[in-house]
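Reading through the structure tokens given below for one structure.
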Amino acid sequence: MAEIQQTSVTVLGLGAMGKALASAFLKTGRPTTVWNRTPGKDTDLVAAGAVGIAAVDEAVRAGEVIVVVLLDHASVHSALDPVAEQLSGKQVINLTSTAPEEARELARWAERHGIDYLDGGIMAVPPMIGQPGASILYSGSRKVFDDNRELLESAAAADYFGDDAGLASTWDFALLSNMYAMFAGFLHGAALVRSTGAAASAFAERATAWVTAMAQLMPEYGRIIDSGDYTTEVQHLAFHKAALDAIVRASRDAGVALDVVGPIKNLIDRQVADGHGALAFERTFEELR
Ligand code: FVH
């Protein structure tokens, strides 16, 4: 029986994430070529079967599909611009974190050079790659997504958002915003309880249970926002104003900076001052967009 030929892949960028992805691709048994600007980062991957190539143009020639995992938008141009000609006719999957407009700019750049471009946002840290729980969001060329589904799923669950290359990054950054706000809230809370001598690890235990329970309310938040109806019988913005005022007083008394909770209080104060005090907290969505 004839063997099924697996698409060869080249990974550009062997930082923590590039290494994790290349390692997952290698495990599928496909020919995997790796390149990094600074030499010496491919030792483990080469020992595991990858081909390490020092010249980026040769590395690009070696793979049918090119996975780019660099620091930022500028580093993608700095690595890819000189090899645009060699990339022509190939499929490029860029997993570097870029802002949506930067992803769209890269898609236009790729189109000008005859490159089929898929953008991705990685929702995982390197040790999660190849494990359940990791996911990568994609947008851009549907063909590149479909052609490489197996390759992509060897690294993480793969979801396609549409042909606008900026969509994956928009969802990625929206999720990261949610995450940063959550962790910033944790740090504020830890500082508050530390003023009484409590350990951050003790706070972490309670905060995990609390945030997990509160997260269950998010679908209802989404439903209310989508309905546009912010009327409520309970816990209106004036109620939250009283709570935030007290939290701010408690923080000041404890000597904890207001960088995290201060802006939330301002958002609520503004809405109450504008006459929305009887509406639900979810109305804050309107204030933000
Ligand atoms: N690591 C993580 O937890 C996050 C999870 C979510 C997604 N991010 C994004 O993935 C991109 C790569 O992240 P990384 O963790 O691999 O990052 P580093 O370990 O810092 O490696 C950076 C690589 O980029 C190369 N590089 C930087 N500038 C240039 C340039 N001008 N030309 C060519 N390559 C460049 C760097 O090469 P070198 O310094 O070793 O020569 C590394 O290979 C990133 O967008 C995250 O936001 C990861």
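First listed ligand is number 1; within each ligand, the first listed atom is number 1. Position 1 is the first residue of the sequence; numbering continues from there. Keep in mind that the numbers below use all heavy atoms, side chains included, and drop hydrogens, waters and symmetry copies. Fair warning: this is a prediction, and the values are worked out from it, not measured in the lab.
- When hydrogens are left out, the protein atom nearest atom 28 (N) of ligand 1 is S75 CB, 3.4 Å; that is the closest non-hydrogen contact.
- A donor-acceptor pair under 3.5 Å is formed between the side chain of T10 and the backbone N or O of A59.
- The shortest contact between atom 30 (C) of ligand 1 and any protein heavy atom is with R37 NH1, 3.3 Å.
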Worked verdict on L14 versus L45 for side chain to side chain contact (heavy atoms under 4.5 Å, CB included): CA-CA 10 Å; L14 299 178; L45 291 163; 3.7 Å; yes
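- For K41, every heavy-atom contact with ligand 1 shorter than 4.0 Å involves the side chain, none the backbone.
- Between R270 and D274 no salt bridge is recorded (no basic side-chain N to carboxylate O distance below 4.0 Å).
- Of the protein's non-hydrogen atoms, the one nearest atom 32 (N) of ligand 1 is S78 OG, 3.5 Å.
- With a heavy-atom cut-off of 4.0 Å, S97 touches ligand 1 through backbone and side chain alike.
- Of the heavy atoms in L14, only backbone atoms (N, CA, C, O) come closer than 4.0 Å to ligand 1.
- E111 places no side-chain N or O within donor-acceptor distance of the main-chain N or O of R108, the cut-off being under 3.5 Å.
- For atom 21 (O) of ligand 1, the closest non-hydrogen atom of the protein is G15 CA, 3.3 Å.
- With respect to the salt-bridge test (charged N to carboxylate O, under 4.0 angstrom), the residues D44 and K19 do not qualify.
- Atom 12 (C) of ligand 1 has L70 O, 3.4 Å as its closest protein atom, hydrogens excluded (heavy atom only).
- Considering backbone and side-chain atoms alike, A16 places an N or O below 3.5 Å from some N or O of ligand 1.
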Show your reasoning for whether side chain to side chain contact (heavy atoms under 4.5 Å, CB included) applies to F25 and V67. CA-CA 10 Å; F25 299 155; V67 175; 3.9 Å; yes
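- Annotation: V125 places no N or O atom under 3.5 Å from an N or O atom of ligand 1; distance criterion only.
- Residue, atom and distance of the protein heavy atom nearest to atom 23 (C) of ligand 1 are L71 N, 4.0 Å.
- Residues R142 and D146 are paired through a salt bridge, judged by an N-O separation under 4.0 Å between the basic side chain and the carboxylate.
- Polar contact with ligand 1: absent for T96 (N/O pair, distance under 3.5 Å).
- Nearest protein neighbour of atom 41 (O) of ligand 1, counting heavy atoms only, is T38 OG1, 2.5 Å.
- At under 3.5 Å, not a single nitrogen or oxygen of D72, backbone or side chain, sits near a nitrogen or oxygen of ligand 1.
- Residue contact check: M17 has heavy atoms under 4.0 Å from atoms 5 (C), 13 (O), 14 (P), 15 (O), 16 (O) of ligand 1.
- Remark: ligand 1 atoms within the under-4.0 Å shell around heavy atoms of N36 are 37 (O), 38 (P), 40 (O), 41 (O), 42 (C), 43 (O).
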Applying side chain to side chain contact (heavy atoms under 4.5 Å, CB included) to T98 and D72, what does each step give before you reach the verdict? CA-CA 6 Å; T98 58; D72 56 11; over 6 Å; no
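- With a 4.0 Å cut-off on non-hydrogen atoms, A74 does not touch ligand 1 at all.
- Heavy atoms of A124 approach ligand 1 to within less than 4.0 angstrom.
- Residues E220 and R223 are paired through a salt bridge, judged by an N-O separation under 4.0 Å between the basic side chain and the carboxylate.
- Aromatic ring orientation, F239 versus H236: perpendicular (interplanar angle above 60°, classes split at 30° and 60°).
- Residue P126 places no N or O, backbone or side chain, under 3.5 Å from any N or O of ligand 1.
- Both tests do not hold together for R194 against F203: distance to the six-membered ring centre under 6.0 Å, angle to the ring axis within 45°.
- Within a 4.0 Å radius of atom 17 (O) of ligand 1, the protein contributes no heavy atom.
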